[in-house]
There are 2 protein chains.
Amino acid sequence: MTRYPGQKRFLIAVDCIIFGFDGEHLKLLLIKRGFEPEKGKWSLMGGFVQSEESLDEAANRILRQLTGLEGVYMEQIETLGDPERDPVERTLSVAYFALIDIHQYETHISGEYQAEWFPINKYPKLIFDHSNMVESARKRLRYKASLHPILFELLPEKFTMPQLQYLYEDVYNATFDKRNFSRKILSTNLLMKQKDKDKSASKKGAFYYKLNKRRYNDNFDSFLKLIPNPDHLI
Amino acid sequence: MTRYPGQKRFLIAVDCIIFGFDGEHLKLLLIKRGFEPEKGKWSLMGGFVQSEESLDEAANRILRQLTGLEGVYMEQIETLGDPERDPVERTLSVAYFALIDIHQYETHISGEYQAEWFPINKYPKLIFDHSNMVESARKRLRYKASLHPILFELLPEKFTMPQLQYLYEDVYNATFDKRNFSRKILSTNLLMKQKDKDKSASKKGAFYYKLNKRRYNDNFDSFLKLIPNPDHLI
DNA sequence: TTAATTTGGTGTCTAAATAACACTTAATTT
DNA sequence: AAATTAAGTGTTATTTAGACACCAAATTAA
């Protein structure tokens, strides 16, 4: 194999910003780093890219290691490559975000990484530049969710309108009028109202909805303008 | 220096998608690759990341090598890392796009790279996955320009309303009503009408406008909704 | 010098989307 | 039976978008 002479080669990591939603709040899954440096500190789940895998494959592998989940919605965000970002050796890191159904995760908890969910507005100090990655991921999530129905990836098969609204409110750190909100969501025709109710959160109970998967897939890219005036988007 | 043992290290390239606008059409700056493999084929301008430079620094260096320009608007798009993307040796490439004022470039032409401008809708076959990068860059440009006044980065200090409209039309591959277009652009208050006209493109001549730089910087992130219904955005 | 040609520039009206706003209903608890 | 709690629903005003056509300025041709 010919090579390009005289060029430096670098370690490549993939780090995953894993989002979940517990029915009330947007959460972030963090682990305690298992090796030096910064062993025992809070960190994103990550790992090194292997010789024969693509970046997407690495991201999926790393997510699977922690959560056991496959087929999860993931998206590459950015690559950070400051020469000083890892004190041990220069390492570039490709950040991915993942949107998982937190309930599916809970059946797969692996103690190995001492993982914990943190509220997105109150997570601990992270190693290296991982906090920057989290903030980039939040920004990207807002961007994307204002135009595409991406947040349904965080929900279980059946969910209620109040839950959906809590989710949007937490993502945008804003409050919405529930009449306007449900009208807008329903106007997308992506939801199918169920006959049964979730009675765990209130006396009256809230009707369940299911996502119409076909319409969801067909319309994913069609610019739904779910958030009308997102001043939030920076 | 401690090291992470047993991990593979990779070559990292930065490739630049360089956009320009000649007053009529959106253009792409390509070079003829100067070394094997694929020597002499059309390619994006790129280079390897050096030991002590960040990715942004590498991107700026590479752009400067070709154009002589500094302080140009650049944005990281994505990192491609398929194991087979470079046949010689596994190389990851971080793609950046750059928006330059084509007129400033023209004073800096360096024959070394045999660079040429191509219309964005008619550029030659490119090496490796460079065509994918170009298409990602176009998509990102549309996304960004529908929400932020980013396209002014492509224009000279003085420009006319028809030129600006040609630019938007070429980016979105669409046509707009000129009455609605100028009303919308002017409503942003980003432009200052000049007293003189550009008479090169018509008998009547079109008034020049200048960008109000202060307002531009202040409002860059404030979601201007410049393109109301961008079905185009995928 | 007059007429024709070309491109620039402007205003109104209709339709659609957004935003503000308050009461009733269902079910449980007291 | 009354009180409590959260869910669910409709109307109106305002704003924004979209469709649409004529006049003006300057050069070129007759």
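No hydrogens, no waters, no symmetry mates; every other heavy atom, side chains included, goes into these values. Letters A, B, ... are given to chains in the order of the sequence lines, protein chains preceding strands, and every chain is numbered from 1.
Taking atom CD on A/Gln165 and atom C1' on D/dG8, their separation rounds to 12 Å, with Å as the unit. To the nearest angstrom, P of D/dA24 lies 13 Å from NZ of B/Lys197. When the C1' atom of D/dA7 is taken as reference, atom CZ of A/Phe181 falls 14 Å away, rounded to whole Å. Remark: C1' of D/dG8 and CG of A/Leu191 are 15 Å apart, rounded to the nearest angstrom. C/dT7 atom C1' lies 13 Å from atom CD of B/Gln163, rounded to whole Å. The nearest whole Å value for the distance from the NZ atom in B/Lys199 to the C1' atom in D/dT28 is 14 Å. Taking atom CG on B/Leu164 and atom P on C/dT7, their separation rounds to 19 Å, with Å as the unit. Whole-Å rounding puts the B/Leu186 CG to C/dG8 C1' distance at 13 Å.
Residue B/Lys204 has its side chain nearest to C/dG9 when only D/dA7, D/dT27, C/dG9 are considered. Listed candidates were C/dG8, C/dA20, D/dG18. Nearest to the side chain of A/Arg183 is C/dA20. Out of D/dT27, D/dA7, C/dA27, the shortest distance to the side chain of A/Lys203 is found at C/dA27. Picking from C/dG9, D/dT27, D/dG18 the nucleotide with the shortest atom distance to the side chain of B/Ala206 gives C/dG9.
A salt bridge does not link B/Glu116 to B/Lys32: none of the charged nitrogens lies less than 4.0 Å from a carboxylate oxygen. A salt bridge is absent between A/Glu78 and A/Arg140; no separation between the charged side-chain nitrogens and carboxylate oxygens falls under 4.0 Å.
Between the side chains of A/Ser200 and A/Asp198, at least one donor-acceptor pair of N or O atoms lies under 3.5 Å. Between the side chains of A/Tyr216 and A/Glu153, at least one donor N or O sits under 3.5 Å from an acceptor N or O.
Side chain of B/Asn217 to backbone of B/Lys213: a donor-acceptor contact under 3.5 angstrom is found.
For D/dG8, its base sits under 3.5 Å from the side chain of A/Lys178 at one donor and acceptor pair at least. For A/Arg179 and C/dT18, a side-chain-to-base donor-acceptor distance below 3.5 Å is absent, hydrogens and geometry of angles not being considered.
In terms of position along DNA chain C, the nucleotide closest to B/Ala201 lies nearer the 5' end than the nucleotide closest to the other residue of the pair B/Ala201 and B/Tyr209. Ranked by how close their nearest DNA chain D nucleotide is to the 5' end, A/Asp177 and A/Gly205 are led by A/Gly205.
Across all strands shown, D/dA30 pairs with C/dT1; the Watson-Crick or G-U wobble distances both stay below 3.5 Å.
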